[in-house]
Protein chains: 2
Amino acid sequence: MPADAHRTKAAPDAGRAEPASPLTERQEARRRRILQACARLASRGGFDAVQMREVAESSQVALGTLYRYFPSKIHLLVATMQDQLEHLHATLRKKPPAGETAAERVAGTLMRAFRALQRDPLLADAMMRALTFADRGVSAEVEQVFRRTTAIILDATDLADPTPEQLSAVRVIGHTWHSTLITWLSGRASIEQVGEDIDTVCRLIDLTVPPPGRD
Amino acid sequence: MPADAHRTKAAPDAGRAEPASPLTERQEARRRRILQACARLASRGGFDAVQMREVAESSQVALGTLYRYFPSKIHLLVATMQDQLEHLHATLRKKPPAGETAAERVAGTLMRAFRALQRDPLLADAMMRALTFADRGVSAEVEQVFRRTTAIILDATDLADPTPEQLSAVRVIGHTWHSTLITWLSGRASIEQVGEDIDTVCRLIDLTVPPPGRD
DNA sequence: CGCCGATCTAGAACAAGTTGCAGAGTTGAT
DNA sequence: ATCAACTCTGCAACTTGTTCTAGATCGGCG
């Protein structure tokens with residue numbers, strides 16, 4: 001029932017996305033076509049180019065069906081982001097970043113993600129704008145994206161059992177990551193400044209993780 | 001010429017707002033009425049309740065005139081934010097925050113601002129959403145808001161001549177401030193979490209400002 | 001097979017941001 | 001006072017996100 005596909009509400013397995021309700025093969029295919037069309041359109045013209053009628057036509061689905069799968073343009077773009085983030089996370093898991101300190105690894109990870117986004121700035125723009133524009137009605141989906149981001153950062157720290165302070169630091173890094181990215185996408189900050197700010201905020205992690213065996 | 005009132009482009013005095021082009025008294029009054037109506041509507045129903053037709057009617061101005069003063073809803077809301085920020089900044093200048101370290105003072109300042117926003121969450125929501133949703137066409141205006149935010153934080157640090165690292169830390173604090181605020185406004189973080197993250201990020205400032213007389 | 005409920009399609013309809021336009025009002029210079 | 005230029009008004013039109021409706025399809029079940 002795609003009507004519920006986006007309501008990953010009471011599902012206890014909020015990490016994975018699929019097995020909430022059994023989509024048929026055709027439905028799964030539709031969903032993929034839609035996400036793909038969305039990404040393609042965003043890639044071209046950014047947020048404004050993702051027009052629901054276009055997405056529908058482009059993925060060979062009726063407008064009403066599109067809305068059944070994704071109840072708003074924001075939902076659609078947030079889902080697209082979730083999708084992309086999963087790819088990124090999988091890639092990063094295979095090649096974890098090197099670095100002595102946690103700060104270096106986190107900064108390295110984020111800079112790698114940043115370079116990936118630079119290759120498709122308009123898509124990045126569309127997704128980030130949707131993410132920050134989302135209101136309470138999209139909270140659940142946005143929350144998933146944030147959780148994924150947090151997980152990516154936490155993976156890079158290589159911490160087994162983070163303290164509350166460390167979690168707060170990770171959240172702050174996530175905030176900075178999103179906000180600085182927006183600033184860059186809006187043309188108000190240079191690539192260098194983004195790198196600088198990421199480095200700066202990543203020091204927070206080392207504040208809370210004094211390397212036990214440092215000379 | 002209100003047609004240019006928002007193009008604070010080549011104006012070298014980007015700090016102050018008024019003297020870009022001489023508005024007549026009636027025009028100044030119109031502008032104020034519009035901003036006031038915008039704030040009032042936002043206060044009630046948030047972003048969605050700020051409808052351009054409503055704003056126009058409510059401020060006794062034709063729709064076309066509204067658009068002449070503020071070329072889009074986003075411009076209007078960002079200008080409203082600028083307006084509110086100026087008030088806040090003036091208030092803070094009169095009663096600067098106490099605190100031994102720069103981190104304490106900055107955190108105190110931001111928490112005070114946060115409490116002010118809590119009194120009008122829907123207005124805050126409308127302004128913040130506009131701010132992060134703004135695209136390149138609003139860059140100049142958004143930039144001013146960021147400058148003002150930065151200035152407020154810098155004031156709290158009490159630094160006379162900040163280094164580049166300190167500026168980066170201030171930017172990161174600003175990023176965290178905006179992003180955590182959005183997260184709270186969307187109902188995805190508690191008030192406590194906001195406070196915690198602000199405290200966390202403010203430590204960055206002390207990292208770059210080692211108090212000269214520490215034991 | 002024939003039926004039922006859910007899903008999908010095509011398309012109209014509605015809402016709000018934005019634009020365009022003709023005419024009335026204001027302003028400033030002569 | 002008069003004229004020209006600019007501004008403001010009222011209103012209609014256009015765009016795009018969203019909703020609604022009537023009918024076509026599909027999938028499972030007796």
Side-chain angles (χ1 to χ4, degrees), chain A residues 1-7 21-34 37-38 41-42 44-80 126 129-130 133-135 137-138, chain B residues 1-7 21-34 37-38 41-42 44-80 126 129-130 133-135 137-138:
Chain A
M1 303 93 168
D4 300 335
H6 44 86
R7 310 201 144 256
S21 47
L23 293 213
T24 72
E25 214 165 303
R26 294 168 61 84
Q27 290 174 329
E28 195 53 60
R30 271 195 208 100
R31 193 188 141 87
R32 260 195 304 276
R33 253 183 295 144
I34 292 173
C38 173
L41 288 172
R44 299 242 189 296
F47 187 88
D48 292 338
V50 179
Q51 301 188 355
M52 299 305 266
R53 288 172 177 86
E54 281 278 322
V55 174
E57 188 175 355
S58 185
S59 48
Q60 298 184 288
V61 141
L63 192 55
T65 307
L66 172 53
Y67 273 95
R68 176 185 281 274
Y69 280 74
F70 302 97
S72 79
K73 174 171 174 175
I74 300 292
H75 280 86
L76 170 57
L77 279 165
V78 170
T80 302
R129 296 256 292 287
F133 189 63
D135 65 353
V138 207
Chain B
M1 304 89 172
D4 300 335
H6 45 86
R7 308 203 146 256
S21 48
L23 292 213
T24 72
E25 213 165 303
R26 294 167 61 82
Q27 289 175 329
E28 194 53 60
R30 268 193 209 101
R31 194 186 139 87
R32 259 196 303 276
R33 251 183 295 143
I34 293 173
C38 174
L41 287 173
R44 298 243 190 295
F47 188 89
D48 292 337
V50 180
Q51 301 188 356
M52 299 305 266
R53 289 172 177 88
E54 281 278 322
V55 174
E57 188 176 353
S58 184
S59 49
Q60 297 184 288
V61 141
L63 193 55
T65 307
L66 172 54
Y67 273 95
R68 177 185 280 275
Y69 280 73
F70 303 97
S72 78
K73 174 171 172 172
I74 300 292
H75 280 87
L76 171 57
L77 279 165
V78 171
T80 302
R129 295 257 292 286
F133 189 64
D135 66 353
V138 206

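Each chain gets a letter, A, B and so on, in the order its sequence line appears, and its residues count up from 1. We use all heavy atoms of the structure for the numbers below, so side chains are in, but hydrogens, waters and symmetry mates are not.
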- [ ] Please tell me which of A:Val61 and B:Met52 maps to the more 5' nucleotide of DNA chain C, matching each residue to the nucleotide holding its nearest heavy atom.
- [x] A:Val61

TODO: Would you name the heavy atoms of B:Arg129 and A:Phe133 that are closest together and state the gap between them?
DONE: NE-O, 2.8 Å

- [ ] Provide the closest heavy-atom pair for A:Val61 versus A:Arg30 in the form atom of the first, atom of the second, distance.
- [x] CG2-CD, 3.6 Å

Given atom [atom1] of [X] and atom [atom2] of [N], what is their separation to the nearest angstrom?
X	N	atom1	atom2	result
A:Phe70	D:dT18	CZ	P	13 Å
A:Tyr69	C:dA6	OH	C1'	12 Å
A:Asp48	C:dG17	CG	P	15 Å
A:Lys73	D:dT15	NZ	C1'	12 Å
B:Leu76	C:dG17	CG	P	10 Å
A:His75	D:dT18	NE2	C1'	13 Å
B:Phe133	C:dA16	CZ	C1'	14 Å
A:Gln27	D:dT25	CD	C1'	13 Å

Task: Cation over ring face, B:Lys73 and B:Phe47, 6.0 Å, 45° - done: yes

Task: Aromatic A:Tyr69 / basic A:Arg31 pairing, under 6.0 angstrom, 45° off normal - done: no

Can you tell me if the side-chain N/O atoms of [X] get under 4.0 Å from OP1 or OP2 in [N]?
X	N	value
B:Arg68	D:dT7	yes
B:Gln60	D:dT9	no
A:Tyr67	C:dC8	no

TODO: Name the residue closer to the 5' end of DNA chain D, choosing between B:Arg30 and B:Leu63 according to the nucleotide with the nearest heavy atom.
DONE: B:Arg30

TODO: Among the candidates C:dG17, C:dA10, D:dC8, find the nucleotide nearest to the side-chain atoms of A:Ala62.
DONE: C:dA10

Task: Per B:Gln51 side chain, nearest of listed nucleotides D:dG17, C:dG17, D:dT9 - done: C:dG17

- [ ] Give, for atom CZ of A:Arg53 and atom CD of A:Glu57, the distance between the pair rounded to the nearest 0.5 Å.
- [x] 11.0 Å

Open item on the list: Using a 4.0 Å heavy-atom cut-off, does B:Val55 contact any base of the nucleic acid, only the sugar-phosphate backbone, or nothing at all?
Closed with: nothing

- [ ] Give a yes or no on whether a donor-acceptor pair under 3.5 Å exists between the nucleobase atoms of D:dT18, that is its base, and the side chain of A:Arg53.
- [x] yes

